[in-house]
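All of these numbers come straight from a predicted model, not from anything done at the bench. Along the sequence shown, residues carry numbers from 1. Just so you know, ligand 1 is whichever comes first in the structure, and atom 1 is the first atom listed for that ligand.
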Amino acid sequence: MLAIIGGSGLNQFPELEIVSEKKITTPYGDCSAPLTIAKLKDRHLVFLPRHGHGHKLPPHQINYRANIWALKEIGVTRVLAVNAVGGIDSGMEPGMFVVPHQIIDYTYGREQSYNFLTDGYINHIDFTHPYSQSMRQQLIASLLAANLPFQKQGVYACTQGPRLETAAEVLRLQRDGCDLVGMTAMPEAALARELGLEYAALCLVVNWAAGLAGDELSIDEIMQTLAAGMADIKKTIFIFANQ
Ligand code: HPA
């Protein structure tokens, strides 16, 4: 079963045919919202708004462990994450979609592991390729079918937030080889790997990262670009889920 983790702007998904809502409590606490089970043709999918209904949870306060645990518990095997991001590379202009292939984690103080022991040893997952290659290919095919502008790869810098970056921080991310910057890919992607879930991300660039265009960032403009991209995100999700 496929799960969609909605990011900023995708807190509700009224276009889904809802079957039920399940509030799941996990050993790690509550997830961001009850899981919405929806029907798509003859299949079910699960929708979970990462920031909760009404966007109550900032990126550093999301219970990523509970979210991924709950999805696993309900029978999810594949997770499609949606993230709003800032563009760093010149090809990542606002309005562009990106299917990232790599992550650099700049977060701190987040619960980032289930701390499993496997045969008495710490479970050091392989994370060479943080995103599922097959889901990425499927996403690329979906974006092509939806006729949307996209970059088929990119290095995602995950910052702590909730503030946006300084101009110097963005230059550092650029020197590090990052193409886009967001606040929510980690530890979500790693936790999914720990539980054996396939995981990929559909990112929408909603602004140039700090200092790369104009003087300061306008939150209003970010919100407008986000809202403008929502219909295309849903269209891509429907194509993806029906494949
Ligand atoms: N930085 C971090 N996270 C973001 C940004 C950004 O510029 N835009 C949207 N999410």
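Ordered by chain and residue number, the residues placing a heavy atom less than 4.0 Å from ligand 1 are Ala84, Val85, Gly86, Leu164, Glu165, Val181, Gly182, Met183, Val206, Asn207.
For CD of Glu21, the number of neighbouring non-hydrogen atoms (other residues, nucleotides, ligands) closer than 6.0 Å is greater than 12.
Hydrophobic clustering (side-chain heavy atoms under 4.5 Å, transitive across Ile, Leu, Val, Met, Phe, Trp, Tyr) groups Leu16 together with Ile237.
Under 4.0 Å is where a charged nitrogen must lie from a carboxylate oxygen, and between Lys22 and Glu73 no such pair does.
When the salt bridge (charged side-chain N to carboxylate O under 4.0 Å, His left out) test is applied to Lys235, no partner is found at least two apart in sequence or on another chain. Remark: Thr128 pairs with Asp126 by the side-chain hydrogen bond (donor to acceptor under 3.5 Å, both in side chains) rule, at least two apart or across chains. Scored by the ring pair (Phe, Tyr, Trp, His ring centres under 6.0 Å) test, Tyr106 finds no partners at all (sequence neighbours excluded).
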